Amino acid sequence: MLDYGLAKRVFACIDNTTLNGTDNDATVEYFCRRTRELTLDDGTHVAAVCVYPRYVGVARHTLEGIGIGVTSVAGAFPHGQLPTELKVEEVRYAVAQGADEVDVVISRGLLLAGEDNAVRDEVSALKEACGTSRLKVILETGELPSPTLVERASQLAIDGGADFIKTSTGKIAIGATLEASESMLNVVKENVKIYKKPIGFKAAGGISTPEEAMSYAEMAKKMMGEDYINNQTFRIGASRLTERLHAFLTFQSAAN
């Protein structure tokens, strides 16, 4: 049986996500309205919705007044294969449309080529383009063939100013894994001491059941402490999970 209290905290850490090639204004508006409906009786709701940049305005308008944030992917998501200056412009566009947070993908090609300075400098440029909005940097760990590379990517993203580091885009076969997440959290833990500020972690990519989500939360809680499981430092990127976890929490609440 899942821990109800922890499951409820995880629900409040979800970035409810729609990143489909078939998205349009109407489908995103419906998605946001449905996300609003998935509010527990005590007012607990997900942390944010995650959409493509062109739909940030639709999401912001539909979610107005409820406290659910708007996250936009940007920076040539999901592959990141654009010059830095064009990535920067897309981030600026997303922020101008009203994005509270921006999820960008790290340049894995540069990382694998050993161009660490270029990777770090690009993250720094994207962070500057965010202004006061939060930057989450996706490592796409399924394309990084060793824990050492995952750790290096994590460090470069944090050195570049990432507010969160995130496992995956959800657009390749290998999404989030506990092994990669442990490597990432080890780096986060060390850098919290160095930078003396909160650094968030987001698990995303293939997490579709409450049990899977809880395994990431349990790991983060064990490594970072009980207080880490809040939406300022911990997120789960999901689509199918949201309805399932809401159903579990609603059932358990009614049963008690």
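Bear in mind that the values here come from a model prediction, so they are computed numbers and not experimental data.
Nearest heavy-atom pair, Phe248 versus Ala7, reported as atom, atom and distance to 0.1 Å: CE2-CB, 3.9 Å. The shortest heavy-atom contact between Val91 and Cys130 is CG1-SG, 3.8 Å. When all heavy atoms of Ala99 and Val56 are compared, the closest pair comes out as N-CG1, 3.5 Å. In plain terms, the two heavy atoms of Phe164 and Asn231 that are nearest each other are CZ-O, 4.2 Å.
Surrounding CG of Asp3 are more than 12 heavy atoms belonging to other residues, nucleotides or ligands, all under 6.0 Å away. Around OH of Tyr4, the count of heavy atoms belonging to other residues, nucleotides or ligands within 6.0 Å exceeds 12. Other residues, nucleotides and ligands contribute at most 12 non-hydrogen atoms within 6.0 Å of the CD atom of Glu128.
Side-chain contact between Thr141 and Ser168 is present, with heavy atoms from C-beta onward closer than 4.5 Å. Residues Ile165 and Ile106 have side chains not in contact (no heavy-atom distance under 4.5 Å, counting atoms from C-beta outward). At least one side-chain heavy atom of Leu144 sits less than 4.5 Å from a side-chain heavy atom of Arg108. Here the side chains of Ile68 and Val46 are in contact, with some heavy-atom distance below 4.5 Å. The shortest side-chain heavy-atom distance between Leu40 and Ser253 does not fall under the 4.5 Å cut-off. In this structure the side chain of Ser107 reaches within 4.5 angstrom of the side chain of Lys87, judged on heavy atoms. You'll find the side chain of Ser181 reaches within 4.5 Å of the side chain of Met219, heavy atoms only. Between Val88 and Leu126 the shortest side-chain heavy-atom distance falls below 4.5 Å.
When hydrophobic clusters are built by joining Ile, Leu, Val, Met, Phe, Trp and Tyr residues whose side-chain heavy atoms come closer than 4.5 Å, directly or via intermediates, Leu2 is grouped together with Ile229. Put simply, Tyr93 and Val102 are part of two different groups of oily side chains (I, L, V, M, F, W, Y) that touch within less than 4.5 Å, one to the next. Ile174 and Leu139 fall into different hydrophobic clusters, where Ile, Leu, Val, Met, Phe, Trp and Tyr are joined by side-chain heavy atoms under 4.5 Å apart, directly or via other members. Linking Ile, Leu, Val, Met, Phe, Trp and Tyr whenever their side-chain heavy atoms come within less than 4.5 Å puts Leu149 and Ile158 in one cluster. Follow the hydrophobic side-chain contacts under 4.5 Å out from Phe11 and you reach Ile66 in the same cluster.
Counting only distance, with no hydrogens or angles, the side chain of Thr35 and the backbone of Phe31 share a donor-acceptor pair below 3.5 Å. Thr167 places a side-chain N or O within donor-acceptor distance of the main-chain N or O of Ala204, the cut-off being under 3.5 Å. Using a distance-only test at 3.5 Å, with no hydrogens or angles considered, no donor-acceptor pair links the side chain of Ser124 to the main chain of Arg120. Judged by distance alone, the side chain of Ser208 and the main-chain N or O of Arg240 form no donor-acceptor pair under 3.5 Å. Panel note: side chain Thr27, backbone Asn24; a donor-acceptor pair is recorded below 3.5 Å. Between the side chain of Gln97 and the backbone N or O of Tyr55, no donor-acceptor pair lies under 3.5 Å. Of the possible donor and acceptor atoms, none in the side chain of Arg152 sits under 3.5 Å from a partner among the backbone N and O of Asp116. Side-chain N or O atoms of Thr39 include one that pairs as donor or acceptor with a backbone N or O of Arg36 at under 3.5 Å. At least one donor-acceptor pair closer than 3.5 Å links the side chain of Tyr216 to the backbone N or O of Ala176. Listed for the Lys189 side chain is a donor-acceptor partner under 3.5 Å among the backbone atoms of Met223.
Rounding to the nearest 0.5 Å gives a distance of 8.0 Å between OG of Ser72 and CG of Asp103. To the nearest 0.5 Å, atom CD of residue Glu29 and atom CG of residue Asp23 are 13.0 Å apart. Going from atom CG of Leu86 over to atom CD of Glu89 covers 7.5 Å, rounded to the nearest 0.5 Å. For the atom pair CG (Leu19) and OG (Ser239), the distance works out to 9.0 Å, reported to the nearest 0.5 Å. Atoms CD and NZ, from Glu122 and Lys127 in turn, are 15.5 Å apart once rounded to the nearest 0.5 Å. Within the model, atoms OG of Ser154 and NZ of Lys166 stand 14.5 Å from one another, a figure rounded to the nearest 0.5 Å.
Between Glu218 and Lys222 there is no salt bridge, since no side-chain N of the basic residue sits under 4.0 Å from a carboxylate O of the acidic one. Taking the charged nitrogens against the carboxylate oxygens, Glu101 and Arg235 do have a contact shorter than 4.0 Å, which makes a salt bridge. Ion pairing between a basic and an acidic side chain is recognised when a charged N comes within 4.0 Å of a carboxylate O; Glu37 and Arg34 show such pairing.
Residues Thr17 and Asp15 bring no donor and acceptor atom of their side chains to less than 3.5 Å of each other.
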| request: Go through the steps to decide whether Asp159 and Tyr195 satisfy the test side-chain contact (heavy atoms from CB on, under 4.5 Å), and finish with yes or no. | output: CA-CA 9 Å; Asp159 288 344; Tyr195 284 100; 2.7 Å; yes
| message | Evaluate Lys136 against Thr71 for side-chain contact (heavy atoms from CB on, under 4.5 Å), listing each step before the verdict. | response | CA-CA 10 Å; Lys136 304 198 206 81; Thr71 297; 3.5 Å; yes
| said: Walk me through whether Asn20 and Thr22 qualify under side chain to side chain donor-acceptor pair (under 3.5 Å). | reply: CA-CA 5 Å; Asn20 303 309; Thr22 53; 4.9 Å; no
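Relative ring orientation between Phe77 and Tyr52 is described as perpendicular, the plane-to-plane angle rising above 60° on a 0-90° scale split at 30° and 60°.
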